[in-house]
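One structure is given below, encoded as C-alpha cells.
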Amino acid sequence: AQKITQTQPGMFVQEKEAVTLDCTYDTSDPSYGLFWYKQPSSGEMIFLIYQGSYDQQNATEGRYSLNFQKARKSANLVISASQLGDSAMYFCAMREGDGGSYIPTFGRGTSLIVHP
Amino acid sequence: EAGVAQSPRYKIIEKRQSVAFWCNPISGHATLYWYQQILGQGPKLLIQFQNNGVVDDSQLPKDRFSAERLKGVDSTLKIQPAKLEDSAVYLCASSLRIAGGSSYNEQFFGPGTRLTVL
C-alpha cells in the first residue's frame with residue numbers, strides 16, 4: 001500500500017488565489033512527521049513546512065499552511081495568494097518511528113501551475 | 001551559509017559503464033542522505049549516514065550501488081555497472097542530526113545530478 005498518496009497529478013490556479021494540494025498518508029505508528037517540499041524546474045528540493053503527529057496546532061509558514069486532519073490521515077498544503085514563482089512540483093513526505101531508522105517516504109508529487 | 005554541493009550536475013554514460021557522484025553537505029551536518037528520483041516520481045531514499053556510519057541502506061541495490069562517507073563529511077555514490085533503469089536524478093541531502101518520528105529535522109537538498117544511461 002502507498003504510504004503517501006497525492007491524487008492530483010496537476011493543478012492550475014490563478015495568481016493571487018489560494019490553492020490546496022492534497023496528501024493522504026498511511027501509518028500505524030503514533031509518532032510520525034509530515035513534510036511538504038517544493039521542487040522547481042531547477043531540481044532542488046526546497047523545504048516548505050513540517051507537521052509532527054503530536055502537534056496540536058496546524059503548522060503555518062508565511063503563505064503556506066498545513067491542514068492536518070489526523071483522523072482522516074490527511075495533510076493538505078494550502079498556499080494562499082499564489083504567485084507566479086509558486087509554479088513547481090510539490091511533494092508530500094512522511095517520516096515514521098522513533099526507533100531504528102527514519103526512512104522518509106515521498107509521494108509522487110503534484111505539478112502546480114500558476115497563471116496570470 | 002553554503003548549501004549542499006553536488007557534482008557533476010549532469011552525466012551521460014552507456015550501460016555497463018561506471019559512474020560516481022560526489023556530495024559535500026552543509027558544514028556541521030552529521031546526517032547525510034542519498035536519494036534516487038526517477039522521472040515522474042518522488043525521491044526514494046537509497047542510503048542514510050550518521051557521521052561516517054551507515055544508518056540505513058535497506059533500499060540501496062547493493063549488487064551495483066555503493067556509497068561511502070569517509071571522515072564523516074563528503075560522500076560519494078557509485079554505480080557499477082549502470083543499467084538503463086538507473087537513469088534518474090540523484091539527490092544528496094543533509095541535516096543536523098537524525099530525528100525520528102514526530103521530531104522536527106529539516107533536510108537541506110543539493111541541486112542533484114541528472115544521470116542518463118544509454
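Below, chain A is the first sequence line, B the second, and so on; all start at residue 1. Excluded from the calculations below are hydrogen atoms, water molecules and symmetry mates; all remaining heavy atoms, backbone and side chain alike, are included.
- Atom-to-atom distance recorded for A/Arg108:CZ and B/Ile38:CD1 is 9.5 Å, nearest 0.5 angstrom.
- Within a 6.0 Å radius of NZ in A/Lys73, other residues, nucleotides and ligands contribute more than 12 heavy atoms.
- Counting non-hydrogen atoms of neighbouring residues, nucleotides and ligands closer than 6.0 angstrom, the NZ atom of A/Lys70 exceeds 12 such neighbours.
- In this structure, no portion of A/Gln6 lies under 4.5 Å from any heavy atom of chain B.
- Heavy atoms closer than 4.5 Å to chain A are found nowhere in B/Gln6, neither backbone nor side chain.
- With a 6.0 Å radius and a threshold of 12 heavy atoms from other residues, nucleotides or ligands, A/Gln57 has its CD atom at or below the threshold.
- More than 12 heavy atoms of other residues, nucleotides or ligands sit less than 6.0 Å from atom CG of B/Leu84.
- For the atom pair CD (B/Gln107) and CE (A/Met45), the distance works out to 9.0 Å, reported to the nearest 0.5 Å.
- Within 6.0 Å of the NZ atom in B/Lys71, the count of heavy atoms belonging to other residues, nucleotides or ligands does not exceed 12.
- A 6.0 Å sphere centred on CD of B/Gln41 holds more than 12 heavy atoms belonging to other residues, nucleotides or ligands.
- Note on B/Gly112, B/Gly42, B/Ala93, B/Gly110: by heavy-atom pairs under 4.5 Å with chain A, the leading option is B/Gly42.
- Within the 4.5 Å cutoff, the side chain of A/Phe91 has heavy atoms near those of the B/Gln37 side chain.
- The line from CZ of B/Phe109 to CZ of A/Phe47 is 11.0 Å long, rounded to the nearest 0.5 Å.
- The heavy-atom pair separating B/Tyr35 from A/Pro104 by the smallest distance is OH-CG, 3.0 Å.
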